[in-house]
*Asks:* 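Can you read through this structure? Questions will come right after.
Sequence lines set the chain letters: A, B, ... in the order given, protein chains first and strands last, and positions in each chain run from 1.
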Amino acid sequence: MTPPGPLGYNHCSARPTPVPLGAEPIEDPGGADAMSSYLDQVVDAIAAVVELPREEIMEAVQPPPSPDMGDYGFPCFQLAKALRRSPAQIASELASQVQVRPPIREARGVGPYLNFFVDRPRFIAEVLGRVHSLGTQFGASDEGAGKTVVIDYSSPNIAKPFGIGHLRSTVIGHSLYQLFRFLGYRVVRVNHLGDWGTQFGKLITAVKHWGGGMDLASATVEDQYRLYVRFHKEAEADPSLEDEARAWHRRVEEHDPEARALWQMFRDASLADFRRMYDLLGVDFDSWAGESFYEDLLDDAVRLAFETGVAREDQGVILVDLSEYDLPPCLLRKSDGATLYATRDLAALLYRYRTYQFHRVIYVVGAPQNLHFQQLFAMVRKMGFDWADRCVHVNFGHIRGMKSREGSLVLLEDVLGRSMQLVRDIIRERQLDVDNVDEVARQVGVGAIVFADLSRRRIKDIEFNWDEILNFEGETGPYVQYTHARLCSLLRKYGEPVDPSADVSLLGEPEEWQLARTLEAFPSAVCRAAEQYEPSIVSSHLLEMAAASNQFYQRHRVIDPANPALTRARVLLVDATRRVIANALGLLNMAAPERM
RNA sequence: GCGGCUGUAGCUCAGUGGAUAGAGCAGCAGACUUCGGAUCUGCGGGUCGGGAGUUCGAAUCUUCCCAGCCGCACCA
């Protein structure tokens, strides 16, 4: 389906009023594009000499491939066609015509491009001043004030243990929570637990058949999982087991005491296990209203579907015809009277709108359920609710190489455990100066797994690979965290307070300029990430900042007793970098340890 | 069969219609006798799945193929 448009942001395209010359540290509580005034000035300069709408110029201006070619570039191909002269000729003519005034320092024709150089010291001063004054709020905004976003994520089927496959929804959803909160939205985190349905009937059937000697009260999730796998194995030979499972599920729905007690037991055991994993991940929810929560609302939902004239009875089932949306019909009640996944999701969606009056509801659920959500949203639209277009399915590719029904599930607990152990090993082998080893092992070990997941665009499938996920070098979570820790170490060594009034015009090295530019671009990366519901935009920007930081660090000495002024300026840059990296890590729900 | 997603270096992936398609991993060769080597530098490696079209300009947009994955009413 076509996702609804962005949340009506004006954040990313907003043009704050240009900063007057000599302005003091910029006050912008919104924290929007700090330097868009530079782009504005460039566009103004072009607009004054070219017969093109401002918006078109804005669209066309882009950064040149190399910093020594300029800071902003305007391609002249289009003009060449209209003016019947070569683009290169036009570019150099325009270069001599445009008004060059601060903060633009120079305009130059570079081949077919009209390139601009800005006042870099001033640019750097503004970025660093802004980061210093806004701190953890650099990149944040209040565009979401008064708006509520409901995010449904993680939402595991708790008849199975927490597998690595569940991780994607959990970390993408939690990152979106951080992003939207950062942009000022009120965010309601909902874990729509899959604690209902035939899968529990299967577990009950399995325990009835093969769980004779099992101590049900102390059964672990692993025991449950063995039952689950065994059920699917046996059901291949004996399909009547499936009927039995459906019957047990119906008895749960009908409040049969025995069925209910068994269901409750399985649910409690699973939930305890899941909570342990959430604690490890640092993930929490505002609502744990799972499918069972909507039990009493199912009849109402089906009734409403009837009353609005969208549902009808057909051959013993209740369904909603969606042919007008080119979608297959959606079943709300089976012929045995039991409800389905779609029924519960419909009830949940209606409940959520009533309860939260959301500006947007986001479902972070795998791409295999694309059709399901198209049907769900089409159903509420057909029921006449105009908020149907505020519902978004944020889908993602699945993790391949595991089949939970066959028992080849990779458990999240094992992955996190091995990752954390690896961190401990590294700390011991390298004799690193870390006193809280367990805490750092958790931060870095978990961070590695989380980052691996969030650093790819969410739609892509992931092939699970131990070697790859346990590699901490290159474009990885530990790499970024290490960069941060090393900057912190540098500041510790410096030992004095950071001086926000340091003379940053001394920062003339290419690596310093490059680093400042990546810091400046952070707020707009945050915007794009939220607009596209795509945390990987934050992670790839984070990698850029880390790379720029490491290149700077490698080539230039920061603390130089012989040059205190330069030291102060570089310390300010280092401090700003460490702050922005920490902000970005926070948006990915990763810790920023100061030593590791 | 119908629909959707994906296809870029050996592998994993970036890539606003614009300048010489970039990173990391793996491989090889290197780095400051002082700020942390989980770092940095260099080298090799590309029919951007294929064809056609639109455009001054296409990895990017349109269309037709091909391949892989996913989905298509009594599972979730």
*Asks:* Decide yes or no on ring pair (Phe, Tyr, Trp, His ring centres under 6.0 Å) for A/Trp263 and A/Trp196, but give the supporting numbers first.
*Replies:* CA-CA 9 Å; A/Trp263 169 77; A/Trp196 203 245; 5.1 Å; yes
*Asks:* Whether A/Asp425 and A/Arg418 form a salt bridge (side-chain N of Lys/Arg under 4.0 Å from carboxylate O of Asp/Glu) is what I want to check.
*Replies:*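 No, this pair does not count.
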*Asks:* If we take the C1' atom in both B/rC32 and B/rU41, what is their distance in whole Å?
*Replies:*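 Those two atoms are separated by 12 Å.
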*Asks:* Could you list all N or O pairs between the protein and nucleotides 57-62 of chain B that sit under 3.5 Å apart?
*Replies:*
none

*Asks:* Any stems for RNA chain B, made of 3 or more Watson-Crick or G-U pairs in a row, each with both distances under 3.5 Å?
*Replies:* B:1-7 with B:66-72, B:10-13 with B:22-25, B:27-31 with B:39-43, B:49-53 with B:61-65
*Asks:* So is A/Arg267 actually on top of A/Phe274's ring, under 6.0 Å and inside 45° of the axis?
*Replies:* no
*Asks:* Aromatic rings A/Trp466 and A/Phe464: how do their planes relate, parallel, tilted or perpendicular, breaks at 30° and 60°?
*Replies:*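 Correct class here is perpendicular.
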*Asks:* Where along nucleotides 31-41 of chain B does protein come under 4.0 Å, by heavy atom, of base (B) or sugar-phosphate alone (S), with - for untouched nucleotides?
*Replies:* B--BBBSBBSS
*Asks:* What are the residues of residues 447-459 of chain A, sorted by number, that bring a heavy atom to within less than 4.0 Å of RNA chain B?
*Replies:* A/Arg456, A/Arg457, A/Ile459
*Asks:* Using a 4.0 Å heavy-atom cut-off across all strands, classify A/Asn115 as base, sugar-phosphate, or nothing.
*Replies:*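 It contacts base atoms.
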*Asks:* A/Leu515 and A/Ser549: which non-hydrogen atoms are nearest, and at how many Å?
*Replies:*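 Closest heavy-atom pair between A/Leu515 and A/Ser549: CD1-N, 3.8 Å.
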*Asks:* With respect to the side chain of A/Lys460, which nucleotide from B/rC70, B/rG18, B/rC13 is positioned closest?
*Replies:* B/rC13
*Asks:* Between A/Phe162 and A/His166, what is the ring plane arrangement, given parallel below 30°, perpendicular above 60°, and tilted in between?
*Replies:* perpendicular
*Asks:* Determine, for A/Glu324 against A/Lys382, whether the closest basic-nitrogen to carboxylate-oxygen distance falls under 4.0 angstrom.
*Replies:* yes
*Asks:* How far, in whole Å, is B/rC48 from B/rA26 if one measures between their P atoms?
*Replies:* 27 Å
*Asks:* For RNA chain B, what residues of residues 562-570 of chain A have any heavy atom nearer than 4.0 Å?
*Replies:*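 The answer is none.
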*Asks:* Can you tell me, in whole Å, how much space there is between the P of B/rU20 and that of B/rC2?
*Replies:*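 These two P atoms come out 42 Å apart once rounded.
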*Asks:* Check each residue of residues 62-71 of chain A for a non-hydrogen atom within less than 4.0 Å of any atom in RNA chain B, then write out the ones that pass by number, or none.
*Replies:* A/Gln62, A/Pro63, A/Pro64, A/Pro65, A/Met69
*Asks:* Could A/Arg246 and A/Asp336 be called an ion pair, given the rule that one side-chain N must be under 4.0 Å from one carboxylate O?
*Replies:*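 So A/Arg246 does not pair with A/Asp336 through a salt bridge.
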*Asks:* Consider the side chain of A/Glu468, meaning its heavy atoms from C-beta on, and name the nucleotide among B/rG71, B/rA19, B/rU12 that approaches it most closely.
*Replies:* B/rU12
*Asks:* Salt bridge check, A/Glu253 against A/Lys334: does any charged N sit closer than 4.0 Å to a carboxylate O?
*Replies:*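 Here A/Lys334 does not pair with A/Glu253 in a salt bridge, since their nearest N and O are not under 4.0 Å apart.
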*Asks:* With nearest nucleotides of RNA chain B determined for A/Asn157 and A/His398 from heavy-atom distances, which residue corresponds to the more 5′ nucleotide?
*Replies:* A/His398
*Asks:* Hey, which of these two, A/Tyr341 or A/Ala60, hits RNA chain B nearer its 5' end, going by closest nucleotide?
*Replies:*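 Mapping each residue to its closest nucleotide by heavy atoms, the 5'-most match is A/Ala60.
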*Asks:* Does the A/His398 side chain pair with the main chain of A/Gly165, one donor and one acceptor, at a distance under 3.5 Å?
*Replies:* no
*Asks:* Would you indicate what A/Glu291 reaches in the nucleic acid, counting non-hydrogen atoms under 4.0 angstrom: base, sugar-phosphate, or nothing?
*Replies:* sugar-phosphate
*Asks:* Under the 3.5 angstrom rule, does the side chain of A/Asn395 hit a backbone N or O of A/Gly366 as a donor-acceptor pair?
*Replies:*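 Side chain of A/Asn395 to backbone of A/Gly366: no pair is present.
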